[in-house]
There are 2 protein chains.
Amino acid sequence: MAKIKSNRTSTRKDVIISKAAILFREKGYSATSMRDLAEHVGVEAASLYNHISSKAEILQEICFRVATNFMTHIEEVEQSKKSEIEKIEAILRYHIKMMIERYEEVYVSDREWKHLTDPYLSNMQGQRRAYRQRIGKIIEDGIQKGEIKKIDAPTAVLIMLHAVSGIESWHRSKRKIEGDQLENSMVEILVGGLQKP
Amino acid sequence: MAKIKSNRTSTRKDVIISKAAILFREKGYSATSMRDLAEHVGVEAASLYNHISSKAEILQEICFRVATNFMTHIEEVEQSKKSEIEKIEAILRYHIKMMIERYEEVYVSDREWKHLTDPYLSNMQGQRRAYRQRIGKIIEDGIQKGEIKKIDAPTAVLIMLHAVSGIESWHRSKRKIEGDQLENSMVEILVGGLQKP
DNA sequence: AATAAAAGCTAACAATCGTTAGGAGGAAAT
DNA sequence: ATTTCCTCCTAACGATTGTTAGCTTTTATT
C-alpha cells in the first residue's frame with residue numbers, strides 16, 4: 001500500500017490537485033485520464049475518489065482558486081492611491097509573477113476553463129468578463145487623466161492579458177534570463193512599446 | 001443518403017477539415033469526437049474515413065497548412081526592402097489579418113498542435129522555434145540600427161505573438177469595432193506602447 | 001444502358017473512459 | 001484490546017472512443 005504523502009500544510013486533496021494541474025497543462029484536461037493522474041500520484045485510479053468527487057471538481061478547484069486570487073488583487077489595486085498607469089503596471093506585474101511562480105495552475109485556469117460545466121462555466125465566464133472590464137475601466141480613467149495614450153481600451157486589455165500567457169514559452173525554453181528580468185522586460189515593452197521615441 | 005456538398009473549389013476532405021477546425025476550436029482536439037464531427041458534416045462517423053485516414057491527420061493538415069502560410073510570409077518580409085520596424089509591423093499585421101480571416105484554423109494550429117504525434121510533433125516544434133528566432137533576429141537588427149529600443153528580443157517576440165492570439169476574445173464578443181480598426185489599435189499599442197511619451 | 005468509381009450506410013471491434021461497489025489493512029480513538 | 005475512521009485495493013459497470021469490414025447506393029464514365 002502506498003499512501004499519498006501528506007505534510008502538515010497540504011492535504012491529500014491538495015497533492016492530487018497540484019499533480020493534476022501539471023498534467024492538465026501538459027496534455028490538456030480532456031486528454032488527461034484519471035488513471036494517468038493516479039499513476040503520477042502513486043495510487044490506483046479508484047483511490048482518488050476518496051479525496052475528490054469527480055474529475056470535473058479538480059478543474060473547478062484549480063480555476064476558481066486562481067480566479068479568486070486575481071479578483072482579490074485587482075480590488076486591492078483599485079483601492080490604492082496609485083496613478084492609473086501605475087495600477088496597470090501593478091496588475092501586469094502580478095500576472096507575470098503568478099505566471100512564473102504558480103505556472104501550472106494559472107496556465108490551466110487560463111486555457112482549460114472552457115471545459116467547466118454549466119453552473120461553473122457561466123460563473124467563470126462572468127468573472128473573466130468582469131475582470132477584463134475592470135482593467136478596461138482603469139485604462140479609460142488613465143486616458144481621461146492624460147496618463148495613457150488615446151487607445152482602444154478593450155484592445156489594450158486583450159493584449160496585456162494574452163501577452164502574459166506567452167510566459168509559457170519562457171518556462172519551456174529556460175533561457176538564461178531571470179524571472180525578475182523577464183518581468184521588467186515585459187512591463188517595459190508593453191508600457192513603453194517597441195519603437196524608439 | 002446525404003452526401004457531403006462539394007463545389008468546384010473545395011473537396012469533401014476540405015469540408016471535413018474546415019468543420020473540424022470549428023469544433024477543435026470550440027471544444028479542443030481531444031474533446032471532439034469523430035461522431036461529433038460526422039454529425040456536423042451531415043454524415044455517419046464511418047463515412048469520414050472515405051476522405052481522411054485518421055483523426056490525427058485532420059489536425060496535421062490544419063497545423064501544417066497554417067505553419068506553411070506564416071513561413072512563406074516571413075520569407076517575403078525578410079527579403080523586402082522595409083526597415084526593421086516596418087518588417088515587424090508587417091508580420092504583426094499579417095498575424096492579425098490571419099487571425100481575423102482564418103480564425104478557426106489559425107487558432108487551432110496555435111493551441112492544439114501539442115496533440116500532434118511524433119514525427120509531426122517534432123517538426124512543428126522545430127518550425128515554431130525557427131519562426132520565433134527569425135522574428136527575434138529582425139528585432140535585434142532593428143535594435144542595432146537604432147530603430148528599436150534596447151529590449152530583450154525574445155521577450156518582445158513572445159509578447160507579439162501571444163498578444164495576437166487575444167483576438168479570440170474579440171471574435172467572441174463581437175464588439176462594434178471593425179477588423180481594420182482592431183488591427184490598427186493593436187499595432188499602435190504594441191509598437192508604440194501604452195504610456196504617453 | 002452498362003460499368004466503374006466514389007461515398008454513403010450498418011454493425012461491430014478492442015480499447016479506454018469516468019466512476020462505483022465492496023472489502024482489506026493500518027492508524028487513531030475509545 | 002476493540003472499535004471507528006480513513007485510505008487504499010481489486011473488479012467491474014456502462015458509456016464512449018477511433019477505427020475497420022462488408023455491403024449498398026449514388027455519381028461519373030463509357
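Below, chain A is the first sequence line, B the second, and so on; all start at residue 1. Values below: every heavy atom of this structure, side chains too, minus hydrogens, waters and symmetry copies. All figures in this text were calculated on a predicted structure; none of them were measured in a lab.
- Contacts of B:Tyr120 classified as side chain to side chain contact (heavy atoms under 4.5 Å, CB included), with partners at least two apart in sequence or in another chain: B:Gln60, B:Phe64, B:Leu116.
- D:dG18 atom C1' lies 13 Å from atom CG of B:Asp36, rounded to whole Å.
- Counting to the nearest Å, the P atom of D:dC23 and the OH atom of B:Tyr49 are 21 Å from each other.
- Aromatic ring pairs are classed by plane angle as parallel below 30°, tilted from 30° to 60° and perpendicular above 60°; the pair A:Phe70 and A:Tyr94 is perpendicular.
- Judged purely by distance below 3.5 Å, without hydrogens or angles, the side chains of A:Gln127 and A:Asn123 pair a donor atom with an acceptor atom.
- The aromatic rings of B:Tyr103 and B:His171 sit parallel to each other, their planes meeting at less than 30°, with 60° as the upper class boundary.
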Please list, for nucleotides 11-15 of chain D, all pairs of protein and nucleotide N/O atoms separated by less than 3.5 Å.
{"unit_1": "D:dA12", "atom_1": "N6", "unit_2": "A:Arg35", "atom_2": "NH2", "d": "3.4"}

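- Side-chain nitrogen and oxygen atoms of A:Arg12 include at least one within less than 4.0 Å of the OP1 or OP2 phosphate oxygen of D:dT7.
- Look at B:His51 and you'll find a side-chain N or O under 4.0 angstrom from OP1 or OP2 of C:dG8.
- For the pair A:Glu86 and A:Lys81, the salt-bridge criterion is not met [side-chain N within less than 4.0 Å of a carboxylate O].
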Tabulate below the donor-acceptor pairs under 3.5 Å that side-chain atoms of residues 33-46 of chain B make, not counting sequence neighbours, or state none.
{"unit_1": "B:Ser33", "atom_1": "OG", "unit_2": "B:Asp36", "atom_2": "N", "d": "3.0"}
{"unit_1": "B:Asp36", "atom_1": "OD2", "unit_2": "B:Lys27", "atom_2": "NZ", "d": "2.5"}
{"unit_1": "B:His40", "atom_1": "ND1", "unit_2": "B:Asp36", "atom_2": "O", "d": "3.1"}

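- Atom CD in B:Glu44 sits roughly 16 Å away from atom C1' in D:dA21 (whole-Å rounding).
- To the nearest angstrom, C1' of C:dG8 lies 15 Å from CD1 of B:Ile52.
- With sequence neighbours excluded, the residues satisfying salt bridge (Lys or Arg N to Asp or Glu O under 4.0 Å) with A:Asp141 are A:Lys137.
- The shortest heavy-atom contact between B:Ile151 and B:Ala156 is CD1-CB, 3.7 Å.
- For A:Ser33 and C:dT16, the shortest distance from a side-chain N or O to OP1 or OP2 is not below 4.0 Å.
- Taking the side chain of A:Lys55 as heavy atoms from C-beta on, and the options D:dT7, C:dG18, D:dT17, the nearest nucleotide is C:dG18.
- Residue B:Leu48 contributes atom CG, which lies 10 Å from atom P of D:dG18 at whole-angstrom precision.
- In this entry the distance linking CD1 of B:Ile58 with P of D:dT17 reads 14 Å, nearest Å.
- Residues A:Phe24 and A:Tyr107 place their aromatic rings such that the two centres sit no closer than 6.0 Å.
- Relative to the ring axis of A:Tyr29, A:Lys55 places its NZ or CZ within 45° and under 6.0 Å from the centre.
- When heavy atoms are screened at a 4.0 angstrom cut-off, B:Thr32 is found touching the sugar-phosphate backbone but no base atom.
- Taking atom NZ on B:Lys13 and atom P on C:dG8, their separation rounds to 15 Å, with Å as the unit.
- DNA chain C lies under 4.0 Å from no heavy atom of any residue of residues 112-121 of chain A.
- Comment: A:Lys114 engages B:Glu168 in a salt bridge, judged by a side-chain N to carboxylate O separation of less than 4.0 angstrom.
- Residue B:Ile17 comes nearest to B:Arg65 through the heavy atom pair CD1-NH2, 3.6 Å, listed as atom of the first residue, atom of the second, then distance.
- Checked against C:dT19, C:dC9, D:dT19, the side chain of A:Met34 finds its nearest nucleotide in C:dT19.
- Closest to the A:Asn50 side chain, of the nucleotides D:dT19, D:dC8, D:dC9, is D:dC8.
- In this structure, the CG atom of B:Leu37 is 11 Å from the P atom of D:dT19, given to the nearest Å.
- Between the axis at the start and the axis at the end of the helix from C:dA1-D:dT30 to C:dA29-D:dT2 there is an angle of 10°, using five pairs per end and rounding to 10 degrees.
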